[in-house]
Amino acid sequence: MPEIHRSDTPDLKEILKVRREKLTELKEKGKDPFRTVKYDVTNHTAEITSNLQKFEGKSVSLAGRLISKRGMGKASFCDLQDRFGKIQLFVKVNDVGEEAYEEFKKYDIGDIIGVKGEVFVTQRGETSIKTAEMTLLSKSLQPLPEKWHGLKDVDMRYRQRYLDLIVNPEVKETFIARSKIISSIRKYLDERDFLEVETPILNAIPGGGNAKPFITHHNTLDIDLYLRIAPELYLKRLIIGGLERVYEIGRLFRNEGISIKHNPEFTTIELYQAYTDYYGMMELTEQMIKTAAEEVCGSLEINYQGQMINLSSPWARITMKDAVLKHSGVDFDDIETDEQAAALIKEKGLDLKKGMTRGEAMNLMFEEYAEPNLIQPTFVLDYPVEVSPLAKRKPDKPELTERFEIFITGKEIGNAFTELNDPDDQRERFLNQVKKREAGDEEASMMDEDFINALEYGMPPTGGLGIGIDRLVMLFTDSYSIRDVLLFPTMKPKN
RNA sequence: GAGCCAUUAGCUCAGUUGGCAGAGCACUUGACUUUUAAUCAAGGGGUCCGGAGUUCGAGCCUCCGAUGGCUCACCA
C-alpha cells in the first residue's frame with residue numbers, strides 16, 4: 001500500500017517528486033490538466049484496430065491512458081489504452097510542432113490524454129494514429145506497476161483493484177464476462193415473463209437459509225436488524241401475493257469464514273415460478289446456464305483449471321442415495337435406523353454429531369464421498385427432509401424432499417426445490433430448527449410466524465431455484481478464487 | 001479458529017556459510033524522425049513488514065506482533 005503523499009510533503013519519494021514538479025510547472029504555465037472538464041471522444045481503440053479498412057486514412061479522436069512510451073529523438077511511439085483495448089500513437093515533431101512535442105516528452109506513463117490524428121499502418125504493420133494534436137486531460141502522480149509482469153501482489157491487486165484493471169487486461173475481461181452473465185440471465189428470465197423484484201436486505205428475522213447473520217442496529221426504531229442471508233421467504237410471499245414468476249439478483253451476507261470459495265457478501269439469483277416443480281427448475285437451470293455459456297463463452301465446452309466441462313444436454317441426474325452408493329459403496333436402503341446410520345458414520349471416521357439422523361448421515365456421506373467427484377454438470381436429487389427445511393416432501397417418500405442441487409467442478413452451483421406450501425408442515429420444520437438453535441446451532445433457522453401466516457392464505461405449488469452467481473462466474477472465467485470475480489473482495493483493513 | 005509458507009527500490013524479483021544492499025522495468029540527463037518488452041550511455045532512488053533478542057557484526061539466526069497466500073474446519 002503506497003503511503004499517501006501530499007505536494008507539500010518534504011520527504012516525497014523522488015519518483016513522485018518529479019511528477020509533482022511537472023504538475024506545478026503546468027499550473028504555472030496556466031495549463032493545469034485538472035481544470036479540463038471534457039474531451040470530444042468520437043472513437044475507441046478496438047473499433048479502429050478491428051476495422052482498419054474503414055478507418056485507414058481517416059481522422060479520429062480518442063482518449064485514454066498513456067501506458068508506454070518509446071522516444072527516438074524527434075519522433076516517438078507510445079500506446080494509448082482505453083476501455084476496449086489499446087492503440088499505438090506516432091508523435092512526430094513535424095506533425096505537432098516544437099512546443100507540443102516538448103510538452104509531450106514530459107508526459108508520464110499513466111497520464112490521461114486526448115488525441116486527434118489520422119489512422120495509418122506503420123512499416124512494421126501496426127495500426128497507429130499519426131498524431132496531429134494531443135491534450136493532457138489528467139496528470140498521473142503515481143507510477144504504474146511494471147509493464148511486463150503487471151501487478152502480481154495478490155493483496156495489492158484486491159486492495160487497489162483500479163491498478164489491477166489498468167495493468168492486467170485479463171482482469172477487465174473477467175468483469176466484463178461477469179456483467180454479461182448477469183445480463184444473459186436477466187434477459188432469459190425477462191423473456192419468460194419473470195418479474196424482477198427487490199426485497200429487504202435489512203431483516204428483522206433472517207430466514208431462507210442456514211447461516212450466521214451480520215447484525216446491525218436501527219437507531220430510531222431502536223431494534224437490531226440482520227442483513228439478509230437469503231431472500232427466499234420474501235420471494236415466496238410474493239408468490240402468495242400472486243406475482244407467479246419472480247426473481248431477485250442481489251447480495252447476501254453471511255457472517256462466516258473467508259476462503260477461496262467464500263466471501264462474507266456474495267451474489268445470488270433466486271427465482272420462483274408458480275405451478276411447476278423441481279423438474280421444471282431442472283429444465284430451467286440447464287437451459288439458462290447453457291444460454292449464458294453460449295452468449296458469454298461462445299461454447300458449451302468450458303475449460304476450468306485444466307478440466308474440460310461439457311455443458312451440453314442432457315445433464316446427468318442422480319439421486320443422493322444413488323450418488324452415495326456409487327461413490328462410497330454404501331446403500332442407504334440397507335440402513336433403516338438412525339442408530340445404524342450413526343454406526344456407519346463412526347466406522348467411516350466422519351464427524352458424528354450428537355443426535356445425527358439417518359438423513360443427516362446420508363447427506364454427510366454424500367458431501368464426503370460424492371460431491372468432489374461431480375465434475376461434469378450433475379443434478380443431485382431428493383435430499384433428506386432434515387437438511388431441507390423449506391422443501392416439499394416427496395409424496396411417496398416423505399423422509400425425502402423434492403430438492404436438487406446442481407454440481408459442476410465439484411462445487412455446488414445451485415439449489416432448488418418444489419417449495420413447501422403446507423403451513424403446518426412448515427411450522428413443524430421451523431420448530432425443529434428452533435430446537436437445533438436452542439441446542440447451540442447458530443446457523444439453524446429462526447421461527448418466522450408471519451411467513452407461516454402467509455402460507456396459511458395458500459401458496460400455489462411452486463418451484464424455486466437459487467444460483468450462486470459468483471461461482472458461476474468463476475466457472476465461466478476459469479477463476480480459481482472467488483476473489484478474482486469480486487471487484488472489491490472483503491479484506492481486513494490495514495492498520 | 002488451527003497448521004505451513006511469504007513480506008527486500010514505485011513494480012517484478014535475486015541476495016551464497018551471518019561480513020559494504022543487487023538486477024530488470026519505471027524515473028532523471030544525454031544521443032536517436034517507423035519503434036513496439038525500442039536501443040545506446042550516464043545517474044538518482046532502500047524504515048530489507050514492525051519490535052525485541054543473540055552476535056564483534058543480522059536482509060539472513062531466535063522470540064513476539066502485523067499483513068497476506070495456501071491447506072483444514074464452518075459455509076454457497
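Computed from heavy atoms alone, side chains included, the values below leave out hydrogens, waters and symmetry copies. Throughout, a chain's letter reflects where its sequence line sits, starting with A, and its residues are numbered from 1. None of these values were measured; they are calculated from a predicted model.
At a threshold of 4.0 Å, the pair Glu99(A)-Lys31(A) counts as salt-bridged, since one of the basic side-chain nitrogens sits closer than that to a carboxylate oxygen. Between Glu102(A) and Lys105(A), at least one side-chain nitrogen of the basic residue sits less than 4.0 Å from a carboxylate oxygen of the acidic one, meeting the salt-bridge criterion. By the 4.0 Å N-to-carboxylate-O rule, Arg157(A) lies close enough to Asp164(A) to be salt-bridged with it. By the 4.0 Å N-to-carboxylate-O rule, Arg228(A) lies too far from Glu270(A) to be salt-bridged with it. At a threshold of 4.0 Å, the pair Asp108(A)-Lys139(A) counts as salt-bridged, since one of the basic side-chain nitrogens sits closer than that to a carboxylate oxygen.
Residue-to-nucleotide proximity on RNA chain B shows that, of Thr122(A) and Asn210(A), the 5′-proximal contact is made by Thr122(A). Heavy-atom distances to RNA chain B give each of Val154(A) and Glu126(A) a nearest nucleotide, and the one nearer the 5′ end belongs to Glu126(A).
Using a 4.5 Å heavy-atom threshold, the side chains of Met320(A) and Arg403(A) count as separate.
Distance check on atom C1': G10(B) versus U17(B) gives 33 Å, rounded to whole Å. Using atom P as the reference point in both G24(B) and G44(B), the two lie 14 Å apart (nearest Å). Spacing of C1' atoms, U28(B) relative to U67(B), comes out at 34 Å, to the nearest Å. Taking atom P in both U62(B) and G68(B), one finds a spacing of 24 Å when rounded to whole Å. The gap from the C1' atom of U47(B) to that of U7(B) amounts to 14 Å, rounded to the nearest Å. When the C1' atom is used for both A76(B) and A14(B), the distance is 42 Å, rounded to whole Å. Nucleotides C13(B) and G57(B) place their C1' atoms 27 Å apart, quoted to the nearest Å. Comparing the same atom, C1', in U39(B) and in U34(B) gives a spacing of 14 Å after rounding to whole Å.
In this model, the phosphate group of U34(B) is not approached by any side-chain N or O of Arg124(A) to a distance below 4.0 Å at OP1 or OP2. The phosphate of U36(B) (OP1 or OP2) has no side-chain N or O of Arg70(A) nearer than 4.0 angstrom.
Contacts of Lys152(A) with the nucleic acid, taken as non-hydrogen atoms under 4.0 Å apart, involve only primed sugar atoms and P, OP1 or OP2. Base engagement by Gln123(A) is indicated by at least one non-hydrogen atom pair under 4.0 Å involving a base atom. Residue Lys492(A) is classed as a sugar-phosphate contact, given heavy-atom separations below 4.0 Å to backbone atoms only. Val167(A) comes within 4.0 angstrom of nothing in the nucleic acid, heavy atoms only. As judged by a 4.0 angstrom heavy-atom cut-off over every strand, Gly71(A) is placed among the base-contacting residues.
Closest approach to the Asn94(A) side chain among U33(B), A76(B), U35(B) is made by U33(B) (side chain taken as heavy atoms from C-beta onward). Across U36(B), A76(B), G68(B), the shortest atom-to-atom separation from the side chain of Ile482(A) is found for A76(B).
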Query raised in the report: When every nucleotide of nucleotides 22-30 of chain B is labelled 5' to 3' by its protein contacts under 4.0 Å (heavy atoms), B for base, S for sugar-phosphate only, - for none, what sequence of letters results?
Result: --BBBSS--
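Contact of Gln88(A) with U35(B) (side chain to base): a donor-acceptor pair of N or O atoms is detected under 3.5 Å.
Between the C1' atom of C11(B) and the CD1 atom of Ile67(A) lies a distance of 15 Å, rounded to the nearest Å. With rounding to whole Å, Lys17(A) atom NZ is found 14 Å from G10(B) atom P. Regarding Leu89(A), its CG atom lies at a distance of 17 Å from the P atom of U34(B), rounded to whole Å. Separating the CG atom of Asn263(A) from the C1' atom of G69(B) is a distance of 16 Å, rounded to the nearest angstrom. Atom CD in Glu118(A) sits roughly 18 Å away from atom P in U34(B) (whole-Å rounding). In this structure, Asn255(A) atom CG and G1(B) atom C1' are separated by 14 Å, rounded to whole Å. When the C1' atom of G10(B) is taken as reference, atom CG of Leu151(A) falls 11 Å away, rounded to whole Å. Residue Phe77(A) contributes atom CZ, which lies 4 Å from atom C1' of U35(B) at whole-angstrom precision.
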Return the polar atom pairs (N/O with N/O) between nucleotides 71-74 of chain B and the protein under 3.5 Å, or none.
residue	atom	partner	partner atom	Å
U71(B)	OP1	Tyr480(A)	OH	2.7
C74(B)	O2'	Glu443(A)	OE2	2.5

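Judged by distance alone, with hydrogens and angles left aside, the side-chain atoms of Thr267(A) form no donor-acceptor pair with the main-chain N or O of Arg251(A) at under 3.5 Å. For the pair Lys348(A) (side chain) and Glu368(A) (backbone), a donor-acceptor distance under 3.5 Å is absent.
Taking the six-membered ring where the residue is Trp, Phe90(A) and Phe120(A) present tilted rings, their angle falling between 30° and 60°. In this pair, Tyr107(A) and Phe104(A) present their aromatic rings perpendicular. The plane angle is above 60°, beyond the 30 to 60° band.
Remark: Asn168(A) CG to Arg161(A) CZ distance equals 9.5 Å, nearest 0.5 Å.
Smallest separation of non-hydrogen atoms from Leu311(A) and Pro377(A): CD2-CG, 3.6 Å.
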Report summary line: For RNA chain B, the expected dot-bracket line (Watson-Crick or G-U under 3.5 Å, [ ] crossing, | inter-strand) is (((((((..((((.....[..)))).(((((.......))))).....(((((..]....))))))))))))....
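The aromatic ring centroids of Phe407(A) and Phe366(A) lie less than 6.0 Å from each other.
With Glu360(A) as reference, Lys436(A) is the one residue of Lys353(A), Lys354(A), Lys436(A) to meet the salt bridge (Lys or Arg N to Asp or Glu O under 4.0 Å) rule.
Interface residues of residues 131-140 of chain A facing RNA chain B, ordered by number: none; criterion, heavy-atom separation under 4.0 Å.
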Table please: side-chain donor-acceptor pairs of residues 482-490 of chain A below 3.5 Å, with sequence neighbours left out.
residue	atom	partner	partner atom	Å
Arg483(A)	NH2	Thr490(A)	O	2.8
Asp484(A)	OD1	Tyr158(A)	OH	2.9
Thr490(A)	OG1	Asn263(A)	ND2	3.2

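Partners of Phe266(A) by ring-ring contact (aromatic ring centres under 6.0 Å, His included), not counting sequence neighbours: none found.
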